[in-house]
Visitor: 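Sharing a structure below in structure tokens format, with a few things to ask.
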Amino acid sequence: MKSETAQYLVQELIRAGVSKVDASVLARGMYSSDASLYRVVPTVVVRPQHVDELHAVHEISRSVGAPVTMRGAGTSIAGNAVGEGIVVDTRDLKRIISIDPDAQTATVEPGVVHADLQRAAAPHGLRFGPDPSTHSRCTIGGMIGNNACGSRALGYGRTADNVEAATVLFGNGEVGSFDSRSGTAQGVTAEKLLGLAEGNLAHVRTRFGQFSRQVSGYSFEHLLPENRRRIERFLVGSEGTLATVLEAEVRLVVDDPRRLLLVLGYDSVSEAADAVPHILDAVHSEFGPNSLIACEGMDSRLVALVRSAGKPVPQLPGGQSWLFVEAAGEAASAVIEKVRTASAAVDTRFIESPAEAAALWKIREDGAGLAGISLATPAHSGWEDSAVPPKHLGAWMRDFESLLEEFGLHGYPYGHFGDGCIHCRIDFPFQHGDPSSTGVFREFMLACAERLAVYGGSLSGEHGDGRVRSELLPFMYDETSLDLFAQAKRICDPQNLLNPGIITGPQTDGARAGQPGGTGARPNTEDIRPTRPKQTLPWPGLLMTHDDGDYGAAVHRCSGVGRCVAPKTNGVMCPSYLATTQEKDSTRGRARVLQEAMDGTLVHGLSDPAVHEALDLCLSCKGCASDCPAGVDMAAYKAEALHQKYDRDADGLPRRRLRPRSHYVLGRLPVWAKLAAPVAPVANLMMKLTPLAAAAKWVAGIDQRRSVPRFARRTLRRAEQKLSPTTSASPNSTDRPDVWVWADSFTNHFFPQSGLAAIEYLQSQGLEVRLIQKEGCCGLPWISTGQLDQARRRITQAVEVLAPYVSSGVPVIGLEPSCLATLRSDALELSDSEQTRTVAAGVLTFAELLTRLEGEGRVRLPDLSGVDVVAQPHCHQSAIIGWEADRELLEKAGAEITKVAGCCGLAGNFGVEKGHYETSVAVAETYLMPAVRDQQQRGGDTVVLADGMSCRIQLDDLADVPAMHLAELLNARK
């Protein structure tokens with residue numbers, strides 16, 4: 001739209017009462033992409049706070065002629081959730097209006113997240129059946145739009161099979177309420193749609209609804225008399241092109257906890273596909289339909305990716321491809337045994353542990369993100385979820401793999417094999433800055449569509465047609481079917497304003513069935529994001545080792561799958577989004593803005609104000625580095641962006657600019673701590689004087705509501721020297737100790753008691769322990785504030801100090817998890833020396849050392865039976881090191897453990913800085929503070945465990961709760 005029209009549109013939306021209207025560069029950049037290949041910049045983004053606002057949006061759309069694109073969590077893979085006009089984010093329309101346990105139904109607004117509905121239904125022993133891999137964040141409205149299915153649709157059906165009633169707003173302005181249980185649908189639009197089906201009964205009966213995953217196009221079979229003329233189900237899967245859901249009533253099913261999982265191994269993915277129809281026939285003939293809940297295919301190469309990232313994978317049976325088969329209910333054991341005998345698998349394994357089953361399902365859920373980084377070059381969605389009747393799956397799989405080979409492409413198929421639906425990310429050779437590089441993509445898509453038609457398959461099995469497949473519908477449907485689509489569109493949306501160009505539209509003159517263009521849809525090569533120009537950084541601060549030094553490639557890792565926008569998490573990502581629920585505060589939102597900055601069009605470089613706004617509330621927690629399936633590391637990207645903004649000129653050459661005050665104080669905290677060490681008691685006393693404290697906070701950029709960290713009266717090095725004044729600290733000495741302890745800056749200057757406790761506990765076990773007296777700072781505060789040149793010097797010095805100790809063969813431990821994580825990860829981004837790799841691989845946590853020593857029988861754990869431990873792992877430790885060693889030690893010692901998810905909210909300098917206090921507190925209130933309050937109510941022998949300095953300060957500031965390091969706990973109870 002022209003700027004004048006866009007401004008008028010914004011004004012009209014505000015005047016109509018739409019409360020959140022945003023036409024900023026930031027918002028338009030974030031919403032220009034979903035999880036698909038496409039980039040389409042909207043004119044305006046709205047986030048309705050009430051269903052009535054949807055009426056206003058559509059009314060303005062019709063009066064101005066502005067297209068409307070509905071969006072849930074924005075995880076659409078086919079390009080269904082991007083558009084030029086008004087993009088409507090429905091996630092604030094999240095009321096679960098009612099749950100009727102007797103009728104087994106729930107009435108919801110369109111923005112209700114699938115997982116939230118599951119949590120609400122669980123106390124009644126119920127669940128919503130379909131469960132897409134994005135269930136932690138996808139919305140019910142989005143599921144209705146795409147007719148989403150997921151892994152368990154084999155047992156519970158698609159979304160269409162589970163919608164009982166709906167109230168919708170058609171594109172023509174009419175509101176329709178449909179419920180097959182209350183009689184024939186009423187309204188002019190409904191009458192016209194039913195009349196359209198009535199006039200084509202024979203055709204609809206023979207062309208539509210031929211198998212469960214025939215999702216492409218409009219599902220006219222639901223309008224048949226024998227199917228009770230269900231308009232609410234006809235609208236499911238129409239991708240927002242006919243109507244907008246205002247309210248829906250969905251069917252719930254009994255959530256039987258007796259789920260059994262059997263994994264079947266095969267020599268190839270094609271052989272796994274061949275086995276599916278035999279398994280289904282054997283089970284269904286004896287136990288009936290829906291006796292299997294799931295039958296999922298997984299390639300070994302995707303599992304290998306998980307292992308290569310250092311994440312645990314449960315033992316799998318032999319083979320190179322697997323089927324995950326699940327059954328539930330009283331007959332589950334018999335069903336699983338029938339599967340085993342009918343499977344012709346080379347090996348099988350029954351998964352008895354719920355934890356192992358959850359881990360395997362998580363790998364399956366992460367399939368899209370893993371597949372995107374599975375090849376030497378980026379793998380893309382596109383030919384993403386085609387489906388065939390299961391009896392043809394093996395033959396279609398071989399055809400598909402032969403097409404990949406013919407076009408010189410690669411991809412690892414996986415998916416819902418029991419439904420005949422295959423997912424695959426493919427390394428299409430898109431080139432940044434070269435729109436013509438879509439040639440192979442287009443030819444492959446045409447060839448696949450043509451070959452799929454031979455099997456009576458569906459272009460889409462659950463993700464919808466969107467921008468990527470709508471143009472191909474003439475390969476799947478004949479002219480009569482395509483004309484039915486066009487007539488339905490004219491009835492429901494005569495102005496062609498609802499998601500135009502998707503599924504159908506004004507038809508191209510002369511287009512024939514079987515030819516692209518026959519639906520009037522957009523060409524699938526328009527607006528492809530990977531062909532846009534991409535900038536590079538001429539003088540980067542970080543090596544970006546996982547992306548060959550290419551910052552642009554790094555930020556384009558985000559494919560939009562959106563795990564970071566889940567409203568609940570068991571991990572760390574993304575704490576600021578959990579606190580604010582705003583897209584700009586999610587990992588995905590930030591990545592989209594950085595992508596725009598590197599593309600150099602909407603957002604103008606890394607110094608653009610939109611970049612600052614997007615990154616401002618990033619805690620640099622590194623949660624995304626482990627929790628994001630695509631491996632996005634926003635903490636690193638933020639550090640580089642700050643570095644480029646303040647330490648590089650327009651050509652990327654070194655140039656210093658004035659930084660925020662907090663960067664000079666908090667971002668260089670170890671320097672000030674070292675200077676204050678000789679006069680620590682005096683400095684602490686001065687900070688108790690209100691005027692001096694206020695002035696100091698202003699200078700440092702600290703929020704006045706925060707306390708100033710207290711310096712230790714005696715540093716760890718001084719304290720250890722006093723305890724052992726004659727002990728040598730040389731790694732080359734002949735009387736080497738059993739353990740070396742590294743005095744990181746935070747432990748040394750602020751929490752020496754942690755280091756002393758570690759030394760005392762290890763000595764109590766008969767071990768000789770010495771402290772490394774040489775100074776070596778990891779440079780973390782410099783890294784988090786983007787002072788990368790200085791951080792490199794710091795890390796180089798630390799590596800030079802530690803390398804001889806690590807190389808000596810004596811274990812070296814660190815006590816502050818953030819510093820240790822910096823040595824293991826950020827150090828490798830700042831230096832590629834052999835010494836750095838040696839140190840990164842060699843330094844240990846206290847728990848890792850004890851695990852090793854306890855296994856060797858050299859230490860004995862204290863008895864912690866009856867001790868109630870609430871543990872807040874430092875977010876860097878969770879992301880980079882892991883907390884499993886700590887958990888296992890505590891469990892062996894007999895403690896009762898509550899592990900807190902998420903981040904404490906302080907995150908180094910973030911929560912201390914002015915402007916971040918409210919978000920810091922909100923992050924703490926997501927998980928940490930409720931867990932501590934719950935523990936306080938329980939009473940008894942309680943301990944709050946927090947190894948990280950940030951976590952301990954946050955607990956002290958917000959709740960006056962003393963927290964202990966693991967070393968302090970074990971030393972106190974020895």
Side-chain angles (χ1 to χ4, degrees), residues 20 30-31 34-35 45 47-50 70-76 81 88-97 99 106 108-123 127-128 130-145 148 150 248 250 358 362 365-366 369 558 560-592 617-619 621 623-624 627-629 632 634 875 878 900-905 918-931:
K20 291 191 175 181
M30 289 189 300
Y31 286 83
D34 49 14
V45 177
R47 193 156 175 172
Q49 302 300 293
H50 191 277
M70 302 302 296
R71 179 176 174 123
T75 58
S76 302
V88 183
D89 183 336
T90 61
R91 282 177 290 177
D92 289 337
L93 303 175
K94 56 186 179 182
R95 282 194 310 144
I96 298 175
I97 298 168
I99 290 181
V108 299
E109 290 183 335
V112 169
V113 170
H114 178 281
D116 286 341
L117 176 57
Q118 302 292 49
R119 281 185 279 268
R127 60 168 286 141
F128 184 53
D131 60 345
S133 60
T134 56
H135 59 83
S136 66
R137 62 271 192 196
C138 69
T139 64
I140 302 300
M143 292 180 67
I144 291 172
V250 297
K362 183 176 183 296
E365 290 171 7
D366 289 346
C558 176
V561 295
R563 183 187 279 185
C564 52
V565 297
K568 302 284 184 183
T569 181
N570 291 321
V572 179
M573 183 181 69
C574 176
S576 52
Y577 179 81
L578 293 173
T580 71
T581 70
Q582 298 303 303
E583 183 74 16
K584 75 177 182 66
D585 300 322
S586 69
T587 304
R588 180 180 67 184
R590 295 178 181 118
R592 290 299 187 227
L617 295 185
C618 172
L619 285 80
C621 68
C624 48
D627 292 356
C628 172
V632 170
M634 191 54 61
C875 46
S878 294
V900 180
C903 176
C904 74
E918 286 77 10
T919 301
S920 175
V921 173
V923 170
E925 286 292 344
T926 54
Y927 294 110
L928 175 58
M929 301 313 296

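This one's a predicted model, so the numbers in the text were calculated from it and none came from an experiment. Just so it is clear, the values below take in all heavy atoms, side chains as well, and ignore hydrogens, waters and symmetry mates.
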Visitor: I'd like to check Val561 versus Arg137 (side-chain heavy atoms, cut-off strictly below 4.5 Å). Are they in contact?
Guide: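 They are in contact (side-chain heavy atoms under 4.5 Å apart), so the answer is yes.
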
Visitor: A side-chain contact here means heavy atoms from C-beta on lying under 4.5 Å apart; do His114 and Met143 qualify?
Guide: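 Touching, per the 4.5 Å side-chain cut-off.
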
Visitor: Once you round to the nearest 0.5 Å, how far does CE of Met30 lie from CD of Gln582?
Guide: 8.0 Å

Visitor: Is there a side-chain contact between Lys584 and Leu617 in this structure, where contact means two heavy atoms from C-beta onward sitting under 4.5 Å apart?
Guide: yes

Visitor: With a 4.5 Å heavy-atom cut-off, do Pro567 and Leu578 have their side chains touching?
Guide: no

Visitor: Does Arg563 reach the side chain of Arg588, with side-chain heavy atoms less than 4.5 Å apart?
Guide: no

Visitor: Is there a donor-acceptor contact under 3.5 Å linking the side chains of Arg590 and Ser576?
Guide: yes

Visitor: Looking only at heavy atoms, what is the nearest atom pair of Cys904 and Ala924, with distance?
Guide: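 Taking Cys904 first and Ala924 second, the nearest heavy atoms are O-CB, 3.2 Å.
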
Visitor: Counting N and O atoms only, with roles assigned by atom type, does the side chain of Gln118 sit under 3.5 Å from a partner on the main chain of Phe128, one being a donor and the other an acceptor?
Guide: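 Checking the backbone N and O of Phe128 against the side chain of Gln118, a donor-acceptor pair under 3.5 Å is found.
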
Visitor: Mind listing the closest non-hydrogen atom pair of Gly905 and Ser920 along with its distance?
Guide: O-OG, 2.7 Å

Visitor: Do the side chains of Arg47 and Asp92 get close enough for a salt bridge, i.e. N-O under 4.0 angstrom?
Guide: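 Judged by the 4.0 Å cut-off on N to carboxylate O distance, Arg47 and Asp92 do form a salt bridge.
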
Visitor: Nearest 0.5 Å please: distance from the CG atom of Asp627 over to the SG atom of Cys621.
Guide: 8.0 Å

Visitor: Has the side chain of Thr75 got a donor or acceptor atom that lies under 3.5 Å from a matching backbone atom of Cys138?
Guide: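 No: the side chain of Thr75 does not pair with the backbone of Cys138.
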
Visitor: Between atom CG of Leu619 and atom OG1 of Thr919, what is the distance when rounded to the nearest 0.5 Å?
Guide: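 Between Leu619 CG and Thr919 OG1, I get 8.0 Å after rounding to 0.5 Å.
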
Visitor: Which heavy atom in Ala591 sits nearest to a heavy atom in Met634, and how many Å separate them?
Guide: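 That closest heavy-atom pairing would be N-CE, 3.6 Å.
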
Visitor: How far apart are the closest heavy atoms of Ala248 and Ile144, and which atoms are they?
Guide: CB-CD1, 3.7 Å

Visitor: Check Ala148 against Pro132 and note the closest heavy-atom contact, atom names and distance.
Guide: CB-CG, 3.8 Å

Visitor: Quick check against the 3.5 Å criterion: does Thr90 have a side-chain atom that pairs as donor or acceptor with the backbone of Leu93?
Guide: no

Visitor: Looking only at atom types and distance, does a side-chain atom of Tyr927 sit under 3.5 Å from a main-chain N or O of Thr569, one as donor and one as acceptor?
Guide: yes

Visitor: Is any NZ, NE, NH1 or NH2 atom of the basic residue among Glu583 and Arg592 found under 4.0 Å from an Asp or Glu carboxylate oxygen of the other?
Guide: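 Not counted as a salt bridge, because no side-chain N and carboxylate O are separated by less than 4.0 Å.
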
Visitor: I need the minimum non-hydrogen distance between Gly72 and Asp89, along with the two atoms involved.
Guide: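 Of all heavy-atom pairs spanning Gly72 and Asp89, the closest is O-OD1, 3.8 Å.
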
Visitor: Do the side chain of Asp34 and the main chain of Ala81 share a donor and acceptor less than 3.5 angstrom apart?
Guide: yes

Visitor: Taking the side chain as everything from C-beta on, heavy atoms only, tell me whether Val108 gets closer than 4.5 Å to Ile97.
Guide: no

Visitor: Taking the side chain as C-beta and beyond, is there a heavy-atom pair between Val112 and Thr139 under 4.5 Å?
Guide: no

Visitor: Testing Val113, Val565, Thr581 for side-chain contact (heavy atoms from CB on, under 4.5 Å) with Arg91, which one passes?
Guide: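 With Arg91 as partner, Val113, Val565, Thr581 yield a single side-chain contact (heavy atoms from CB on, under 4.5 Å), made by Val565.
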
Visitor: With a 3.5 Å distance limit and no angle check, can you tell me whether Asp131 reaches the backbone of Gly150 through a side-chain donor-acceptor pair?
Guide: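 Not a single qualifying donor-acceptor pair exists.
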
